[in-house]
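Shown next, in structure tokens, is the structure this report addresses.
Whatever order the structure lists ligands and atoms in, that order sets their numbers, starting from 1.
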Amino acid sequence: MLVVMRHGATVAEIDRVVRTIEEMGYEARPMPGAQRTAVGLVGNDGRVDASRIEALAGVAQVIHVTQPYKQVSREWRPENTIVTIAPGVTVGGPDVTIIAGPCSVESEEQIIAAARAVRAAGAAALRGGAFKPRSSPYSFQGLGRRGLELLALARRETGLPIVTEAMDEQGANLVAEVADCIQIGARNMQNYSLLRVVGRLGKPVLLKRGMAATVNDLLLSAEYVLAEGNDQVILCERGVRSFDPAVRNMFDLTAVPIVHNLSHLPIIADPSHGTGLRDKVTPMARAAVAAGADGILVEVHPHPDRALSDGAQSLDPSQFAELVSEIRPIAAAIGRGVVHLPPRVAGIPAVAVG
Ligand code: PEP
Ligand code: MN
């Protein structure tokens, strides 16, 4: 439930609404807006007596959020949420954000080469997994702590903020020491205890759509993070399982305008996992930007043929540079630019993990 205050409501009136909600046993979340303040009532179990709040001074309207997810919905917050990954690197603003890098961190040489290449081509953030959720227990599982240290080194070398995955609750704390944005992978989208933990870590979260998850499921998962007090959530369409072996996944770009309609959270698209095929990545990246995605997540490897994971869908640096040059005019055609990494802030320290 959302309590919308009148334009010009006093601080005392807003406080009174907050206290009343708390007296009723719920959590109150005041949200000052450009025009007027709203106060969210968190945890409505259907027993809230709205008339008690409607009668308070300064209250303009009480809105019952009709969706099963509350804080994630546009009813709760009409303006777009802009997620800040690092100073000057945002997702969900007017411009499109390009996040790129290898599937996995494999070595110092590999991650530094990848970071330099994606930065030179115009990426605003570096992706790369240190903890990898692999379908087979015998496949490369990632470098773990060492991978995080190498990501910190790559950030120091290039200034690119880091997006990397947390796979479990113990690893999440470790990942949070280095990551500028914590990725929750498709396989963990419905790991609700992990979502709660990550919601409390105070870092932006990149939440990927599960491979058999509906848009509604995705938004409900995001609600877990927001319910912990963290609204810095980026959603990501990465394809869903289909009957068709022609592609690894069915890239569901309809999710982009659907999410924009239902939620204030930004949504980016991952054409690498969405197709699984290198030569399909650029066309679908173009399509994602045309569909209104707030960013793209692209796998780029200095030598895709030698990649320890997802080589078949990874672009090499020159293919990635071409992709970036192709999406710029598409973004411009719908009135958007591409987010630039701000000039380097000197002295970003490498982080010792542990
Ligand atoms: C990844 O981004 O490398 C990854 C494992 O993605 P997903 O969780 O979408 O499969
Ligand atoms: Mn991958």
Applying a strict 4.0 Å limit to heavy atoms, is C103 in contact with ligand 1?
yes
Near the Mn ion (ligand 2), meaning under 2.8 Å, the protein N/O/S atoms are C103 SG, H273 NE2, E299 OE2, D310 OD2
With nothing but distance in play, are any N or O atoms of E299 less than 3.5 Å from an N or O of ligand 1? yes
Next item on the list: Could you tell me whether a side-chain N or O of E237 sits under 3.5 Å from a main-chain N or O of G239, the two making a donor and an acceptor?
Entry: yes
Could you check whether E326 pairs with R328 (Lys NZ or Arg NE/NH1/NH2 to Asp/Glu carboxylate O, under 4.0 Å)? no
Between A186 and ligand 1, does any nitrogen or oxygen pair lie at a separation below 3.5 Å? yes
Note: heavy atom closest to atom 9 (O) of ligand 1, options M189, R238, H273, belongs to R238
The salt bridge (Lys or Arg N to Asp or Glu O under 4.0 Å) partners of R134 (sequence neighbours excluded) come to none
One finds that the ligand 1 atoms under 4.0 Å from a non-hydrogen atom of G185 are 8 (O)
The closest protein heavy-atom partner of atom 2 (O) of ligand 1 is R127 NH1, 2.7 Å
* To do: For the pair E299 and R278, find out whether any cationic side-chain nitrogen is under 4.0 Å from an anionic carboxylate oxygen.
  => no
d(K70 NZ, W76 CH2) to nearest 0.5 Å is 9.0 Å
message = Strictly distance-based, threshold 3.5 Å: is any side-chain N or O of K203 a donor or acceptor partner for the main-chain N or O of A179?
response = yes
| Do ligand 1 and E165 have nitrogen or oxygen atoms that lie under 3.5 Å from each other? | no
When you check the gap from the basic side-chain N to the acidic O, do R155 and E157 get nearer than 4.0 Å? no
Distance-only side-chain donor-acceptor flag, D95 / H340, under 3.5 Å: no
Open item on the list: Assess whether a salt bridge exists between E149 and R146, defined as any Lys/Arg side-chain N lying under 4.0 Å from an Asp/Glu carboxylate O.
Closed with: yes
Looking only at non-hydrogen atoms, the one of K208, K132, M211, R209 nearest atom 7 (P) of ligand 1 is K208
Discussion item. Please check this pair: side chain of S263 against backbone of H260, looking for a donor-acceptor N/O pair closer than 3.5 Å.
Written reply: no
